[in-house]
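On a predicted model such as this, the values are computed, not experimentally measured, just so you know.
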Amino acid sequence: MNQVIALVDVDSMYASVELLFRPDLHGRPVVVCSNNDGAIITRNLPAKALGIKMGEPLFKVQHLVQEKGLVIFSSNTTLYGDLSRRMMITLESFAAEIEEYSVDEAFLTLPGGSHKGALEELGREIKARVYKDVGLPVSVGLSTTKTLAKLASRAAKKYPKTVGVVDLTDPIRQRKLLSITDVSDVWGVGSKLTKRLRALGIHTAMDLAESDPKDIRARFSVMLERTARELAGVRCTELETAPESQQQIVCSRSFGSRVTDKSSLNEALASFTATATERLRKQARVAKSLTIFIRTSPFSNDPRYSNSLTAELPYPCDDTSIFLGRVRVMLNKIWRDGYRYAKAGVMLSDFYDPSHLQVDLFNDQPQNGKRDTVMRLMDQINGETRGALRFGSQGQRNQVAPRWQMNQSFLSPRYTTRFSDLPIAKIR
DNA sequence: TCTGGGGTCCTAGGACCC
DNA sequence: TCTGGGGTCCTAGGACCC
């Protein structure tokens, strides 16, 4: 039998993690916010039942705290990342190949089942093991292509009768599910494509699976062609077990409050730059291109302004201070007085492997030795205590939180990554 | 007052080359 | 009157995902 692809993903991951450490909240509606406590990005089942929508602004649901006992959490990315890491370790024990697709889901390749029902049993075993090892509820979708496995896991979440596991390797079962699935629920089909597909009379996943792939390619793109083929059971994408190195690093934030002075904005950009370059060094890469952007809120009635600027460095590097010098100059060029800035960001791109760099005849080369040591030492110390060492342009520490700092009013403890935050079990 | 952040891939079109 | 054509590279923008 053919190899089988499984998609394992955590049910409402962020909410499930928060509940894992707060069993007292069991049964209550729980939501987790985006950064800055702006919008709702995760809801558990009771919260969904209250009609809270994905992406809904927090202020629109805040009345439900009083009325319905809604519990709100800020995004605790450190905590979710750590639980994700633990889950991946458990999943690795089931499969030779694993693609960590996102923080809350992974594709696995599994040997095909030897008898009817064997695959479903394996799916249940995976689900049970993740729950035992990590404490998180997952859904498991099994099929022969990634797109079908995605569809299967979606069905495993949607239909309670499946109890979280769907084996979609059987073609008859495939057709049945495809015909009751709206095309907009297919992986890779967003709102724009849905609209265009509907205009062609393609409404269900089945319609797409049965369409002529060549025609789809001509009208849309190779991406959608692949999707259509995968729905029909033809494997077009393999697992990415050793992902390509990243193409860009972005660090951007909406501000906690509007920023109206240049020095504050520079502080924010400097902090984003420090974070981005730290990530760059972690990946052992050097970057040649730097982009900054600043903008006002697109939602308010304030006068609008948005601008960005990209600079090429004379040579690729990973030294924070080099980038910081550029950021200041670039901000001077795009800063305009009189606006209430809501968001800014820094992007690094055009990466190189530092061990394969060309020597530049016409530009001074960086004096790498000393700077390298400084950066490495800084990363080491900051790795132990976040934010212990900072550049002057990032602003003072231990003062009142700067205006640009994001809001995290409902942040839970870092239960698993800080000694002072370890949960305490009370035994009666 | 209050609407996320971090990615990827593809395509069209312009610049440039011979 | 009559103004090449094909290939490649780059970039901006669109669409998607979680």
Side-chain angles (χ1 to χ4, degrees), chain A residues 7-14 31-43 52-63 72-77 80-81 84 99-107 146-147 150 153-154 157 183-197 216-227 236-237 240 243-258 272 275-276 279-280 283 289 291 293 295-302 308 310 312 340 342-351 403 406-410:
Chain A
L7 177 69
V8 180
D9 71 340
V10 183
D11 304 333
S12 316
M13 167 133 177
Y14 294 1
V31 295
V32 181
C33 304
S34 60
N35 272 335
N36 216 31
D37 294 342
I40 308 295
I41 53 170
T42 310
R43 312 147 292 160
I52 299 173
K53 303 254 174 334
M54 180 74 176
E56 195 151 20
L58 180 62
F59 68 91
K60 285 192 180 171
V61 305
Q62 241 153 355
H63 63 100
I72 299 169
F73 285 101
S74 301
S75 266
N76 190 339
T77 46
Y80 312 147
S84 171
E99 173 184 342
E100 295 184 19
Y101 180 68
S102 75
V103 71
D104 73 329
E105 60 191 292
F107 289 102
K146 287 167 90 171
T147 307
K150 268 280 196 185
S153 97
R154 191 183 157 279
K157 284 187 203 303
V183 73
S184 64
D185 290 325
V186 172
W187 188 40
V189 178
S191 61
K192 298 283 162 63
L193 285 175
T194 299
K195 220 174 150 187
R196 292 174 59 196
L197 285 167
I216 293 292
R217 181 182 198 141
R219 288 175 191 271
F220 298 90
S221 67
V222 290
M223 298 277 279
L224 194 61
E225 180 199 6
R226 272 180 221 149
T227 299
C236 300
T237 49
E240 286 169 31
E244 296 280 298
S245 54
Q246 261 176 277
Q247 309 290 305
Q248 58 178 40
I249 293 174
V250 180
C251 188
S252 70
R253 290 283 181 282
S254 294
F255 302 137
S257 322
R258 301 282 190 259
F272 302 158
T275 304
R279 274 190 235 154
L280 183 68
Q283 297 179 23
S289 176
T291 301
F293 72 87
R295 68 156 213 230
T296 56
S297 168
F299 303 106
S300 79
N301 293 322
D302 294 340
S308 71
T310 299
E312 298 291 323
R340 303 177 68 234
K343 184 177 179 175
V346 167
M347 183 173 114
L348 307 179
S349 57
D350 200 6
F351 294 162
R403 291 179 63 82
M406 65 178 169
N407 295 321
Q408 287 186 300
S409 307
F410 315 100

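Across all strands, A:Arg217 comes closer than 4.0 Å to no nucleic acid atom at all (heavy-atom distances). Residue contacts shown for A:Val103 are absent, as no nucleic acid heavy atom lies under 4.0 Å away. Contacts of A:Val32 with the nucleic acid, taken as non-hydrogen atoms under 4.0 Å apart, are absent. At a threshold of 4.0 angstrom between heavy atoms, the contacts of A:Asp104 are confined to the sugar-phosphate backbone, with no base atom among them. The residue A:Lys53 sits apart from the nucleic acid: no heavy atom pair falls under 4.0 Å.
Remark: A:Met223 pairs with A:Ser221, A:Arg226 by the side chain to side chain contact (heavy atoms under 4.5 Å, CB included) rule, at least two apart or across chains. The salt bridge (Lys or Arg N to Asp or Glu O under 4.0 Å) test applied to A:Asp9 returns A:Lys157, not counting sequence neighbours. A:Glu99 meets the side chain to side chain donor-acceptor pair (under 3.5 Å) test with A:Lys146; sequence neighbours excluded. Among residues two or more places apart in sequence or in another chain, the side chain to side chain donor-acceptor pair (under 3.5 Å) test is passed with A:Arg219 by A:Asp215. Partners of A:Asn36 under the side chain to side chain donor-acceptor pair (under 3.5 Å) rule, at least two apart in sequence or in another chain, do not exist in this structure. Residues passing the side chain to side chain donor-acceptor pair (under 3.5 Å) test with A:Arg154, sequence neighbours excluded: A:Asp185. Among residues two or more places apart in sequence or in another chain, the ring pair (Phe, Tyr, Trp, His ring centres under 6.0 Å) test is passed with A:Phe73 by none. Legend: residues meeting salt bridge (Lys or Arg N to Asp or Glu O under 4.0 Å) with A:Asp350, ordered by chain and number and at least two apart, are absent.
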Take nucleotides 9-15 of chain C nucleotide by nucleotide from the 5' end and write B, S or -, depending on whether a protein heavy atom sits under 4.0 Å from the base, only from the sugar-phosphate, or from neither. ------S
Sort me out a list of protein N/O and nucleotides 1-6 of chain B N/O pairs below 3.5 Å, or just none if empty.
residue, atom, partner, partner atom, Å
B:dC2, OP1, A:Arg258, NH2, 3.0
B:dG4, O4', A:Ser34, OG, 2.8
B:dG5, OP1, A:Ser254, N, 2.3
B:dG5, OP2, A:Ser254, OG, 3.1
B:dG5, OP2, A:Lys343, NZ, 3.0
B:dG5, O3', A:Arg253, NH1, 3.2
B:dG6, OP1, A:Arg253, NH1, 3.0
B:dG6, OP2, A:Ser252, N, 2.6
B:dG6, OP2, A:Ser252, O, 3.0
B:dG6, OP2, A:Ser252, OG, 2.9

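One atom, CG of A:Leu280, and another, C1' of B:dG7, lie 16 Å apart when rounded to the nearest Å. What separates CG of A:Asp9 from P of C:dC17 is a distance of 14 Å, to the nearest Å. In this structure, A:Glu99 places its CD atom 13 Å from C1' of C:dC18, rounding to the nearest Å. Rounded to whole Å, atom P of B:dT8 lies 6 Å from atom CD of A:Gln247. What separates CG of A:Leu7 from C1' of C:dC18 is a distance of 12 Å, to the nearest Å.
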Donor-acceptor pairs under 3.5 Å, side chain of residues 52-63 of chain A to any protein atom, not counting sequence neighbours: which ones?
residue, atom, partner, partner atom, Å
A:Lys53, NZ, A:Gly51, O, 3.4
A:Glu56, OE1, A:Lys53, N, 2.8
A:His63, ND1, A:Glu67, OE1, 3.1
A:His63, ND1, A:Glu67, OE2, 3.4
A:His63, NE2, A:Lys60, O, 3.3

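Consecutive Watson-Crick or G-U pairing (both distances under 3.5 Å) extending over three or more pairs maps onto DNA chain B as B:5-18 with C:5-18.
Using bins of under 30°, 30° to 60° and over 60° for the plane-to-plane angle, the ring pair A:Phe107/A:Trp187 lands in the tilted bin.
Using C1' as the reference atom, C:dG4 and B:dC16 are 15 Å apart when rounded to the nearest Å.
Checked by atom type, the side-chain pair A:Asp37/A:Ser74 shows a donor-acceptor distance below 3.5 Å.
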